[in-house]
There are 2 protein chains.
Amino acid sequence: MAKHDPHLDLLFHALSDPTRRMMLNRLARGPAAVTELAGPTGLRLPTILRHLSVLEAAGLVASQKDGRVRSCAFQPKAMAPMHDWLEDQRRLWEGRLDRLDDYVTNLMKERNHGP
Amino acid sequence: MAKHDPHLDLLFHALSDPTRRMMLNRLARGPAAVTELAGPTGLRLPTILRHLSVLEAAGLVASQKDGRVRSCAFQPKAMAPMHDWLEDQRRLWEGRLDRLDDYVTNLMKERNHGP
DNA sequence: ATCATGCTTAGCCATGTTGCTAACTATACT
DNA sequence: AGTATAGTTAGCAACATGGCTAAGCATGAT
């Protein structure tokens with residue numbers, strides 16, 4: 001378990017912006033060019049390019065140039081570390097619930113069999 | 001499907017910082033006071049309090065004062081919107097894979113029965 | 001009453017983020 | 001060749017973020 005994983009920072013940060021989530025949403029349906037990504041957002045190209053670089057830094061998107069158009073593709077594997085972290089977190093929480101359960105169970109046993 | 005959910009911004013942003021994830025990790029094991037949260041981070045109290053307010057803004061933590069100590073508790077339900085979004089995203093992606101599958105299948109049918 | 005503890009507020013500083021415009025490059029079209 | 005298209009780069013402005021110190025306030029212990 002990484003104590004302090006910089007990749008998670010990039011991942012969560014990338015997802016924390018509505019424009020970037022919109023772009024990912026589009027890319028989950030299939031590859032797209034930069035202009036097509038920009039379309040629905042109403043933002044200028046340089047802005048979109050910046051967002052794209054954030055998504056690429058997080059590994060969520062890979063892109064390549066084909067002629068004069070850059071084709072961007074969603075990289076679902078990049079989500080894995082986040083899912084792992086969420087899973088760890090869930091386990092911790094449920095472990096706590098289990099222990100609470102034990103506690104209550106023991107309490108009731110004591111009530112039933114106690115002095 | 002929310003087109004532009006500000007709550008998701010807060011949620012992902014809250015998780016994008018290693019200090020805050022560390023705090024959540026501690027809280028998933030059970031409630032803790034502010035000083036206890038600060039301990040492992042090596043950061044000053046005012047800084048921790050700021051992080052705490054970010055976590056509270058995202059709904060991930062609830063706190064209350066008991067005497068002079070503030071007790072903080074993890075709120076697992078706050079994770080739900082994020083899980084929903086991730087699930088939507090996964091569905092989109094898998095839908096795409098299915099369609100790709102169909103495409104390949106059709107292509108092979110045409111190859112077999114075509115002119 | 002005094003002192004220690006635990007939190008809180010105010011305010012500073014450096015850096016990062018998000019949007020923009022303007023100017024540039026490289027490829028395609030006619 | 002000349003024009004349109006698709007990115008790209010540089011740089012600016014406004015605001016947010018993450019750290020700090022110093023000073024304040026409320027509660028518990030002696």
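Keep in mind that what you see is a predicted model, and the values were worked out from it rather than measured. First the proteins, then the strands, lettered A, B, ... as listed; each starts at 1.
Atoms CD (A:Glu36) and P (D:dA6) sit 11 Å apart, rounded to a whole Å. Rounded to a whole Å, the CG atom of B:Asp9 is 15 Å from the P atom of C:dT17. Here D:dG18 presents its C1' atom at 9 Å from CZ of B:Arg20, a figure rounded to the nearest Å.
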Indicate every side-chain donor-acceptor pair of residues 73-80 of chain A with a distance under 3.5 Å to a residue at least two apart or in another chain.
{"residue": "A:Gln75", "atom": "NE2", "partner": "A:Ala73", "partner atom": "O", "Å": "3.4"}

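Using a distance-only test at 3.5 Å, with no hydrogens or angles considered, no donor-acceptor pair links the side chain of B:Arg26 to the main chain of B:Glu36.
Distance CG/A:Leu37 to CE/A:Met23: 4.5 Å, rounded to 0.5 Å.
With DNA chain C read from its 5' end, the first of the two nearest nucleotides for B:Arg70 and A:Leu43 is the one closest to B:Arg70.
Of all the residues in residues 44-67 of chain A, A:Arg44, A:Pro46, A:Thr47, A:Arg50, A:His51, A:Gly67 reach under 4.0 Å from DNA chain C with at least one non-hydrogen atom.
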Enumerate the protein-to-nucleotides 1-5 of chain D contacts in which both atoms are nitrogen or oxygen and the separation is below 3.5 Å.
{"residue": "D:dT5", "atom": "O2", "partner": "A:Arg68", "partner atom": "NH1", "Å": "2.6"}

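Applying the 4.0 Å criterion to OP1 and OP2 of D:dT17, one finds that B:His13 has a side-chain N or O inside that range.
Counting all heavy atoms, side chain and backbone alike, B:His7 lies closest to B:Pro81 at CD2-CG, 4.2 Å.
With a 4.5 Å cut-off on side-chain heavy atoms, A:Met82 and A:Leu15 count as touching. Using a 4.5 Å heavy-atom cutoff, the side chains of B:Arg70 and B:Leu52 are in contact. The shortest side-chain heavy-atom distance between B:Leu24 and A:Trp93 does not fall under the 4.5 Å cut-off.
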Quiz item: Checking side chain to side chain contact (heavy atoms under 4.5 Å, CB included) for the pair A:Leu86/B:Leu86: CA distance, chi angles, key distance, verdict?
Solution: CA-CA 11 Å; A:Leu86 293 173; B:Leu86 293 173; 3.9 Å; yes
